[in-house]
There are 2 protein chains.
Amino acid sequence: MTVAPPASYERTDRTTPTRVRERASYDREVVHAILDAGYVCHLGFVRDGAPVVLPTLYGRIGERLYVHGSTGSRPLRGAGRAGDAGMPVCVTVTHVDALVLARSAFHHSLNYRSVVVHGTARQVTEEREKRAALDALVEQATPGRSADCRPASAKELAATAVLRVDLAEVSAKIRTGGVNDEAEDLPLPHWSGIVPVAPAYGTPIPDEHLAPGTPVPGYVTAL
Amino acid sequence: MTVAPPASYERTDRTTPTRVRERASYDREVVHAILDAGYVCHLGFVRDGAPVVLPTLYGRIGERLYVHGSTGSRPLRGAGRAGDAGMPVCVTVTHVDALVLARSAFHHSLNYRSVVVHGTARQVTEEREKRAALDALVEQATPGRSADCRPASAKELAATAVLRVDLAEVSAKIRTGGVNDEAEDLPLPHWSGIVPVAPAYGTPIPDEHLAPGTPVPGYVTAL
């Protein structure tokens with residue numbers, strides 16, 4: 001019998017914001033939706049006592065986040081192999097939804113959705129899990145693509161490192177809505193409001209070696 | 001006499017990538033251009049030995065990066081006051097330019113531009129520098145806006161914390177171009193190419209209290 005996970009992640013000291021707590025959420029569906037809306041995360045780890053933050057690709061399968069790297073890269077070498085203690089990481093995903101232009105400089109803000117994952121990264125070594133993770137990484141950026149490309153060879157699989165981070169200590173933070181100006185500032189003449197922003201995809205550019213007439217797949221035009 | 005800074009940042013061990021070194025750049029103009037194209041960074045710091053990565057706003061003035069926060073927030077409390085030792089941070093800015101869809105799963109990639117800044121964050125306490133930094137933060141997201149809003153009051157200024165990080169140990173990483181498939185994969189039937197992606201701004205939504213007929217400023221329509 002499979003037990004459904006609780007609807008929310010457990011709040012911990014480090015997932016409790018020190019300010020604007022009403023923007024925080026621990027709801028599993030909210031967290032998943034924010035993660036699923038992106039494919040680039042910022043991976044933080046500690047090297048020689050100092051923080052390092054690198055952008056990288058990720059994919060989610062259930063309550064596991066997979067982060068991409070090369071076996072030669074420093075963060076992944078630090079993460080060791082399965083069975084090791086692993087490497088403490090923080091994985092953050094952020095979407096900007098709007099500029100918030102208030103009448104006062106002080107109340108300028110952004111509408112955004114972000115997820116912060118605290119956890120331990122471990123290298124994925126089991127072949128089946130690694131292949132599933134790589135498919136998830138491709139699907140995360142381009143849903144439908146993993147079934148329409150050549151799967152990794154054994155050599156390519158060995159040259160690719162994948163880190164796994166369990167979704168356990170997780171929080172979302174969301175700002176929505178309009179400007180929050182002070183009442184006495186409302187008569188000021190400055191234009192005020194929000195400017196929506198979102199990623200937009202341009203016209204696909206086929207590879208120069210692509211056979212003429214090869215149609216652009218539906219999963220690409222659907223982006 | 002002012003001495004112009006050298007054209008490149010000095011390369012250090014931690015700004016030397018362990019792989020794909022040809023994508024790295026230390027050119028000052030390249031770094032500035034990537035920073036100036038964005039306004040959200042991912043700020044990394046260490047708390048209780050573990051990494052923390054939070055999204056926040058930034059602004060650049062010359063060779064200084066200013067990062068926004070509230071005086072109550074944890075990273076800023078850690079950064080102490082001017083004169084203190086400060087807090088080791090890593091500030092990373094990333095722009096995604098295209099999905100790269102190769103014929104092989106292995107060669108899937110992204111075109112991107114990123115900058116990683118290693119340094120020490122210190123709280124800005126001097127009023128003139130703090131005001132200039134707050135203007136820079138507003139300008140970074142919406143050039144032209146800082147002159148068209150009410151400046152911060154003394155109370156608001158005190159409630160806003162700004163961190164300064166000097167641009168000294170800095171590197172950029174850039175991937176451009178098309179797919180890099182293996183020669184033997186070129187005949188495969190899968191569509192292959194790149195899909196450009198960039199932030200797009202929507203129609204500005206005026207605040208409900210805005211006087212009817214207030215025109216949308218040119219610096220907003222120009223976004």
Side-chain angles (χ1 to χ4, degrees), chain A residues 18-19 40 42 44-46 50-53 55 70 72-74 88-90 92 94 96 99 101 103-106 108 114 134 138 141-142 145 148-152 156 178-179 185-186 188 190-202 204-207 209-210 214 216-217 220 223, chain B residues 18-19 40 42 44-46 50-53 55 70 72-74 88-90 92 94 96 99 101 103-106 108 114 134 138 141-142 145 148-152 156 178-179 185-186 188 190-202 204-207 209-210 214 216-217 220 223:
Chain A
T18 44
R19 55 183 294 270
V40 171
H42 282 79
F45 56 99
V46 180
V52 181
V53 179
S70 149
S73 71
R74 264 184 287 220
V89 295
C90 182
T92 300
T94 305
V96 176
L99 308 178
L101 304 187
R103 293 158 184 88
S104 58
F106 184 72
H108 275 65
S114 66
L134 290 176
V138 169
T142 315
R145 180 65 179 180
D148 187 23
C149 59
R150 176 178 65 69
E156 289 170 343
V179 300
D185 286 336
L186 295 182
L188 289 176
H190 314 297
W191 186 88
S192 179
I194 72 167
V195 186
V197 56
Y201 292 92
I205 303 168
D207 178 52
H209 301 294
L210 196 69
T214 306
V216 178
V220 170
L223 282 170
Chain B
T18 45
R19 54 184 294 271
V40 172
H42 281 79
F45 56 98
V46 180
V52 180
V53 179
S70 149
S73 72
R74 263 186 287 221
V89 295
C90 181
T92 301
T94 305
V96 176
L99 307 178
L101 304 186
R103 293 158 185 87
S104 59
F106 183 73
H108 275 64
S114 65
L134 290 176
V138 169
T142 314
R145 179 67 179 179
D148 186 21
C149 58
R150 175 177 67 69
E156 289 169 342
V179 300
D185 286 334
L186 295 182
L188 289 176
H190 313 297
W191 186 89
S192 179
I194 73 167
V195 185
V197 57
Y201 292 91
I205 303 168
D207 178 51
H209 301 295
L210 196 68
T214 307
V216 178
V220 171
L223 283 170

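The chains referred to below are lettered A, B, ... by the order of the sequence lines, with proteins before strands, and numbering in each begins at 1. Every heavy atom of this structure was used, including side-chain atoms; hydrogens, water molecules and symmetry mates were not. Everything quoted here is computed from the prediction, not taken from an experiment.
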Find the one option among [options] whose heavy-atom pairs under 4.5 Å with chain B are most numerous.
options: A:Leu101, A:Thr142, A:Val89, A:Val138; value: A:Leu101
options: A:Gly193, A:Ala152, A:Ala50; value: A:Gly193
options: A:Gly178, A:Pro151, A:Ser104; value: A:Ser104

At a heavy-atom separation under 4.5 Å, does [X] approach chain A through its side chain, its backbone, both, or neither?
X: B:Leu99; result: side chain
X: B:His42; result: both
X: B:Ser114; result: side chain
X: B:Thr214; result: both

Exercise. Name all residues meeting the salt bridge (Lys or Arg N to Asp or Glu O under 4.0 Å) criterion together with A:Arg145; count only those two or more places apart in sequence or in a different chain, and write none if there are none.
Key: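 Per chain and number, A:Arg145 pairs via salt bridge (Lys or Arg N to Asp or Glu O under 4.0 Å) with A:Asp148.
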
Pick from [options]: which one has the most heavy-atom pairs with chain A under 4.5 Å?
options: B:Val220, B:Leu134, B:Val52; answer: B:Val52
options: B:Leu186, B:Leu188, B:Val40; answer: B:Leu186
options: B:Pro217, B:Cys149, B:Ala105; answer: B:Cys149

Margin query: Please classify the contact between A:His209 and chain B as side chain, backbone, both or neither, with a heavy-atom cut-off of under 4.5 Å.
Written below: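 A:His209 touches chain B through backbone and side-chain heavy atoms alike.
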
Part of A:Leu223 lying under 4.5 Å from any heavy atom of chain B: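 For A:Leu223, the contact with chain B is made by the side chain alone.
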
Looking at A:Pro55, is its backbone amide N or carbonyl O close enough to the side chain of B:Thr94 to form a donor-acceptor pair, meaning the two atoms are under 3.5 Å apart?
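Looks like no, no N/O pair under 3.5 Å.
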
- Task: With side chain to side chain contact (heavy atoms under 4.5 Å, CB included) as the test, would you mind laying out the steps for A:Arg103 and B:Asp207 before giving the verdict?
- Result: CA-CA 10 Å; A:Arg103 293 158 184 88; B:Asp207 178 51; 2.8 Å; yes

A:Pro196 versus B:Ile205, closest heavy-atom pair with distance =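 What the structure gives for the nearest pair is CG-CD1, 4.0 Å.
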
* So, for B:Val195 and A:Gly202, which heavy atoms are closest and what is the spacing to 0.1 Å? ->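 Of all heavy-atom pairs spanning B:Val195 and A:Gly202, the closest is CG1-O, 4.0 Å.
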
Applying side chain to side chain contact (heavy atoms under 4.5 Å, CB included), name anything that partners A:Pro199, two or more places apart in sequence or on another chain.
->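 Per chain and number, A:Pro199 pairs via side chain to side chain contact (heavy atoms under 4.5 Å, CB included) with B:Val197.
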
